[in-house]
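In what follows, a single structure is set out as structure tokens and then discussed.
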Protein chains: 2
Amino acid sequence: MRLQKRERQEKLAALLEGNPLMTDGDLAEHFSVSVQTVRLDRMELGIPELRERLKDMASRSLDDVKALPIDEVIGDILDIELDKRAVSVFDVTEDHVFQRNGIARGHHLFAQANSLAVAVIDDELALTAKSELEFRKPVHAGDRVVAKAEVLPAGGKPHRSIVRVVSTVGEEPVFTGIFEMYRTHERGKEGQQ
Amino acid sequence: MRLQKRERQEKLAALLEGNPLMTDGDLAEHFSVSVQTVRLDRMELGIPELRERLKDMASRSLDDVKALPIDEVIGDILDIELDKRAVSVFDVTEDHVFQRNGIARGHHLFAQANSLAVAVIDDELALTAKSELEFRKPVHAGDRVVAKAEVLPAGGKPHRSIVRVVSTVGEEPVFTGIFEMYRTHERGKEGQQ
DNA sequence: ACCGGATTAGCACTTGGTACTAACATCAGT
DNA sequence: ACTGATGTTAGTACCAAGTGCTAATCCGGT
């Protein structure tokens with residue numbers, strides 16, 4: 001019954017992949033097989049015991065807490081010239097769309113554009129003060145959204161800059177936003193690097 | 001030496017908060033105290049044993065994988081009356097702020113408000129078409145943001161609704177947004193419940 | 001009928017605990 | 001100085017979920 005063994009081991013590995021919190025006893029019951037057989041299977045598959053699996057997950061999830069906040073910018077910045085212009089790209093996945101209709105939730109498009117607007121400002125503190133948005137076309141999972149930002153003359157207001165962002169999928173504009181940004185330092189201090 | 005005990009227990013709790021992977025033995029060594037004392041301390045503090053802590057972390061990190069994409073709505077909706085008004089609350093954590101200055105990134109405030117605007121519309125398909133935002137005050141980690149949405153007369157435009165959202169921390173308004181929403185069905189079909 | 005891989009059983013041992021009991025230690029109050 | 005409360009340590013029995021090892025048994029193919 002060579003096939004049975006192989007099949008069982010494959011299913012066992014898959015099972016533990018999805019739900020690592022099962023004891024050998026649980027697994028034995030699930031496959032109607034003895035605990036020892038489950039142990040042998042784990043040996044052969046190189047799967048560690050429950051406690052080791054838990055420890056792994058726990059320490060990995062500790063790292064995750066530190067790893068998560070590295071989304072300072074939503075989307076990958078491809079090109080940037082401070083206080084002038086910037087380009088970023090953002091790939092829309094299933095995670096970003098309404099399950100209802102498959103259309104990307106607005107806040108993701110906003111997040112990409114807003115992040116870019118913040119990034120393009122050459123100042124250690126840049127905050128969004130106001131903005132006007134237009135969602136022109138629905139965006140779907142699989143779409144690659146390219147956002148282009150350009151910094152416009154602030155119109156004389158101190159500590160302010162205007163950033164205009166246009167996001168496109170292919171050639172089609174899907175989103176536009178005007179961001180009025182607050183900054184601590186006046187524009188033009190190129191000496192800061 | 002009542003103080004010593006209290007102090008030790010505080011440090012012990014803090015220690016496990018930061019690094020839950022320590023055995024009673026590790027802790028005993030760290031505090032130069034017997035294992036039994038550590039156990040008593042854990043009892044008094046209601047801290048479960050190592051394995052339970054690992055199991056908790058592991059299952060939590062499993063949930064996280066499933067829980068993250070289920071952010072159909074950012075923030076918890078406290079109250080909602082379709083096509084009229086809705087309230088949601090969103091707790092800002094370290095994960096939502098710029099590490100630079102501790103100020104919440106704009107897209108989180110937008111996401112809460114926009115989610116609420118979508119939720120309050122009584123239609124199977126509601127999309128944001130345009131919006132105007134104002135970020136009035138910086139929001140910090142630990143702040144609890146309460147967003148209130150009200151649906152305004154659409155001004156005669158077909159398939160449109162206007163939603164006004166005001167977000168506050170305490171009594172202070174921190175964010176306001178006007179959302180022009182697109183909907184498939186005209187307003188007024190109350191029969192749907 | 002016999003061989004070999006697969007399976008099962010049994011036992012001793014390990015970790016990191018719980019639950020409980022008992023012995024000290026230390027200090028305060030009278 | 002004696003008593004009591006509080007805190008600390010020690011020791012025992014027990015548990016879950018394993019490892020590691022040996023031995024027995026099953027079952028199919030030739």
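Model, not experiment: these values are computed from the prediction. So you know, we letter chains A, B, ... as the sequences are listed, proteins then strands, and number each from 1. Hydrogens, waters and symmetry mates play no part in the numbers below; they use all other heavy atoms, side chains included.
Whole-Å rounding puts the B:Gln9 CD to D:dT6 P distance at 15 Å. In this structure, A:Leu54 places its CG atom 17 Å from P of D:dA16, rounding to the nearest Å. Computed from coordinates, the B:Arg53 CZ to C:dT18 P distance equals 9 Å when rounded to whole Å. Atom NZ in A:Lys55 sits roughly 10 Å away from atom C1' in C:dG16 (whole-Å rounding). The interatomic distance linking B:Glu49 (CD) with D:dC15 (C1') rounds to 10 Å, in whole Å. Rounded to whole Å, atom P of C:dT8 lies 14 Å from atom CG of A:Leu27. For the pair B:Met43 CE and D:dT9 P, the interatomic distance rounds to 16 Å; values are reported in whole Å. Spacing between atom CD of A:Glu52 and atom P of C:dT15 amounts to 12 Å, rounded to whole angstrom units.
More than 12 heavy atoms of other shown residues, nucleotides or ligands fall within 6.0 angstrom of atom CD in A:Glu81.
Under 3.5 Å, the side chains of A:Thr184 and A:Glu124 contain no donor-acceptor pair of N or O atoms.
B:Met22 comes within contact range of no nucleotide atom at all, as no heavy-atom separation falls under 4.0 Å.
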Go through it in stages, so that I can follow the logic: the residues are B:Ser131 and B:Glu180, the test is side chain to side chain donor-acceptor pair (under 3.5 Å), and I'd like the CA-CA distance, side-chain angles, deciding distance and then a yes or no.
CA-CA 6 Å; B:Ser131 75; B:Glu180 184 179 322; over 6 Å; no

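Using a 4.0 Å cut-off between a side-chain N of Lys or Arg and a carboxylate O of Asp or Glu, B:Arg42 and B:Glu49 do not qualify as a salt bridge.
Shown here are the side-chain hydrogen bond (donor to acceptor under 3.5 Å, both in side chains) partners of A:Arg164, two or more places apart in sequence or in another chain: there are none. With sequence neighbours left out, B:Glu134 forms a salt bridge (charged side-chain N to carboxylate O under 4.0 Å, His left out) with B:Arg136.
Shown for residues 29-42 of chain B: residues whose heavy atoms fall under 4.0 angstrom of DNA chain D, namely B:Val33, B:Ser34, B:Gln36, B:Thr37, B:Leu40.
For A:Arg51 and C:dT14, the shortest distance from a side-chain N or O to OP1 or OP2 is not below 4.0 Å.
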